[in-house]
Amino acid sequence: MLELIDSAVPIITILIAIVATVFVFSGIDDLLMDVFYVVWRVFRRPAFNRKHRPLTREMLLAEPQRPIAVMIPTWREDKVIRATLLRAIEKIQYDEYTIFVGVYPNDPATRAEVEGARTLYPERIRIVEVGHDGPTTKADCLNAIIADAFALEQTTGKPFEIFVLDDAEDAIPRYGFLVFNHLVPRKDFVQLPVFPEKVRWWKFTAGHYMDEFAQLHLKDMRTREWLTGVIPSAGVGAAFSRRAMLLAAEVNHGKVFSEDTLTEDYELPLQLVRMKANEAFVEPGKPVYSEHPDIAPEVTVDEEYPYIRSAFPEKLRAAVRQKTRWVLGISLQGWEHLGWRGGGAMHSYMLWRDRKVLFGNLANFAGYILVVFTLGLWITRWQITDDQTFPNVVPEGTLVWYLLIINFFIMLIQLIVRFACTLTIYGLIHAVLSIPRAVWGNFINFLATTRALLFYFRARKRHEPIPWDKTEHTPSELN
């Protein structure tokens with residue numbers, strides 16, 4: 001038994017060396033993004049703020065309103081869609097918009113809920129039935145909506161100038177459409193920040209989304225915009241100009257969204273940049289304030305910030321399903337469809353960041369397994385021989401030893417950055433919880449990555465499309 005334990009030590013050492021090397025390269029990449037963000041915040045942001053005055057309600061309301069088509073694809077969203085539609089119509093500060101809801105013939109429950117909302121606001125809501133049973137892909141449902149919007153234009157003679165993409169479970173901000181109206185058509189694509197709804201402290205699955213999106217939409221998205229001009233769509237709170245829709249239809253054989261991907265919203269902005277489109281990310285933390293405090297006194301502070309409040313899964317299975325779709329669409333199908341071309345070195349670097357999760361998520365979990373296995377060897381040897389000496393799997397002074405030291409400090413910096421981002425949006429308690437939630441998030445990401453790889457290669461082997469695996473939401477996630 002002791003010989004078996006001792007023979008396992010060099011194997012563990014080799015595996016630790018491999019994982020530590022992956023961690024170092026990935027960690028340096030993350031640190032580089034942090035450095036870029038600091039440079040932007042110190043040098044570029046002050047210059048931008050000096051050139052552009054803050055947005056006020058008066059300024060936005062004075063602008064002529066462009067017709068907006070709101071696109072909401074659905075599949076089995078009967079639990080949340082009616083509340084989402086009614087909440088949006090009651091709160092949105094805008095007049096010229098129509099909500100198009102895509103439904104499938106074999107999803108009568110969702111259609112019934114949309115019909116219920118439409119009876120209250122028939123001039124606002126339009127039901128679009130996809131011509132075949134679902135689920136297909138989200139892109140297929142969206143293309144049906146766009147075709148219906150173009151058909152409606154022929155009847156009314158009023159073309160839509162802005163196309164807004166949202167989901168069935170998300171809370172559209174009160175002034176979001178006014179911000180879109182201000183930026184489009186000068187910008188062909190505009191993305192609002194997305195922040196998950198705040199949840200109870202013990203809900204680690206939903207809570208880890210808070211940490212990830214706080215970091216992504218406070219820091220990474222702004223940095224990407226500055227370095228590349230490319231803003232990957234979050235799938236909600238996204239606005240496209242009419243020009244963008246027509247350009248996309250040209251390259252996708254008459255259809256705006258590519259139907260052979262699960263993350264068509266991610267791919268489209270990258271395609272548009274290659275066609276010289278202009279994109280913008282609305283900076284978080286910039287309220288649309290009023291110069292006169294007596295205007296709209298019923299509006300809360302949160303509603304003055306143009307960001308999307310989104311519901312995310314609270315259960316492990318639902319989170320793994322959702323993240324499987326993200327890994328499939330962004331990392332695997334994105335690699336397959338977009339390659340590495342276009343946009344220069346920085347663009348290729350961002351594509352690398354989107355795809356490195358295929359290796360990073362697996363390496364993170366492998367690191368946890370190695371720690372547990374090493375502890376197991378130590379405890380086993382201790383019980384057999386009463387030798388409490390910890391296994392010397394990484395001798396001091398070796399290359400692997402220094403790699404682990406470097407990884408420790410990189411990990412410390414990353415946790416501090418995540419702490420700061422979560423603190424900014426959600427407060428101190430959730431900032432502290434972001435540290436243990438990072439471990440739980442890595443476990444979810446590992447399960448999603450392995451599931452995505454399985455689905456992808458199985459579909460390729462069978463020459464089958466991968467269907468829309470829509471995450472189901474419950475009303476409790478929207479409270």
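Basis for what follows: all heavy atoms, side chains included, without hydrogens, waters or symmetry-related copies. Computed from a predicted model, the values in this text were never measured in an experiment.
Minimum interatomic distance between S258 and A139 (heavy atoms only, all atoms of both residues): O-CB, 3.1 Å. Taking each heavy atom of A168 and I81 in turn, the nearest pair found is CB-CD1, 3.8 Å. Between D167 and G235 the shortest heavy-atom distance is OD1-O, 4.3 Å. Residues P306 and V282 approach most closely at CG-CG1, 4.3 Å, considering heavy atoms. Contact record, G134 with W75: O-CH2, 3.3 Å, taken as the closest heavy-atom pair. Here the closest non-hydrogen pair linking Q333 and T263 is OE1-N, 4.5 Å.
Side-chain N or O atoms of Q191 include one that pairs as donor or acceptor with a backbone N or O of V236 at under 3.5 Å. Between the S331 side chain and the L328 main chain, no donor and acceptor come within less than 3.5 Å of each other. Between the side chain of K138 and the backbone N or O of E264, no donor-acceptor pair lies under 3.5 Å. Of the possible donor and acceptor atoms, none in the side chain of H208 sits under 3.5 Å from a partner among the backbone N and O of N442. The closest donor-acceptor contact from the side chain of T74 to the backbone of G102 lies under 3.5 Å. No donor-acceptor pair under 3.5 Å is formed between the side chain of R222 and the backbone N or O of P284. Side chain of N181 to main chain of F177: no donor-acceptor pair is present (N/O by atom type, distance under 3.5 Å, no hydrogens or angles). In this structure, the side chain of D166 does not engage the main chain of I72 through any donor-acceptor pair within 3.5 Å. With hydrogens and angles disregarded, a donor-acceptor distance shorter than 3.5 Å links the side chain of H217 to the backbone of V194.
Under 3.5 Å, the side chains of D29 and Y349 contain a donor-acceptor pair of N or O atoms. Side-chain contact of T422 with D211: a donor-acceptor pair under 3.5 Å is present, judged by distance alone. For the residue pair W440 and T205, a side-chain donor N or O sits within less than 3.5 Å of a side-chain acceptor on the partner. One side chain, Y104 or T136, offers a donor N or O that lies under 3.5 Å from an acceptor on the other. Under the 3.5 Å distance criterion, with hydrogens and angles disregarded, no donor-acceptor pair is assigned to the side chains of S434 and R418.
Using a 4.0 Å cut-off between a side-chain N of Lys or Arg and a carboxylate O of Asp or Glu, D30 and K219 do not qualify as a salt bridge. With respect to the salt-bridge test (charged N to carboxylate O, under 4.0 angstrom), the residues R242 and E161 do not qualify. In this structure, E336 pairs ionically with R460, as a charged nitrogen and a carboxylate oxygen lie closer than 4.0 Å.
In this structure, the ring of F100 has its center less than 6.0 angstrom from the ring center of F160. Between F213 and F312, a ring centre-to-centre spacing shorter than 6.0 Å is recorded.
None of N252, I145, D140, L142 except one satisfies the side chain to side chain contact (heavy atoms under 4.5 Å, CB included) rule with F257; the exception is L142.
Within a 6.0 Å sphere centred on NZ of K255, heavy atoms belonging to other residues, nucleotides or ligands number 12 at most. Residue-environment remark: CZ (R458) exceeds the threshold of 12 foreign heavy atoms within 6.0 Å. Heavy-atom neighbours of R186 CZ from other residues, nucleotides or ligands within 6.0 Å: above the threshold of 12. Within 6.0 Å of the OH atom in Y368, the count of heavy atoms belonging to other residues, nucleotides or ligands exceeds 12.
Within the model, atoms CH2 of W326 and CG of N445 stand 9.5 Å from one another, a figure rounded to the nearest 0.5 Å. We find the NE2-CG distance between H337 and L270 to be 13.0 Å, quoted to the nearest 0.5 Å.
For D148, the salt bridge (charged side-chain N to carboxylate O under 4.0 Å, His left out) partners are R126, not counting sequence neighbours.
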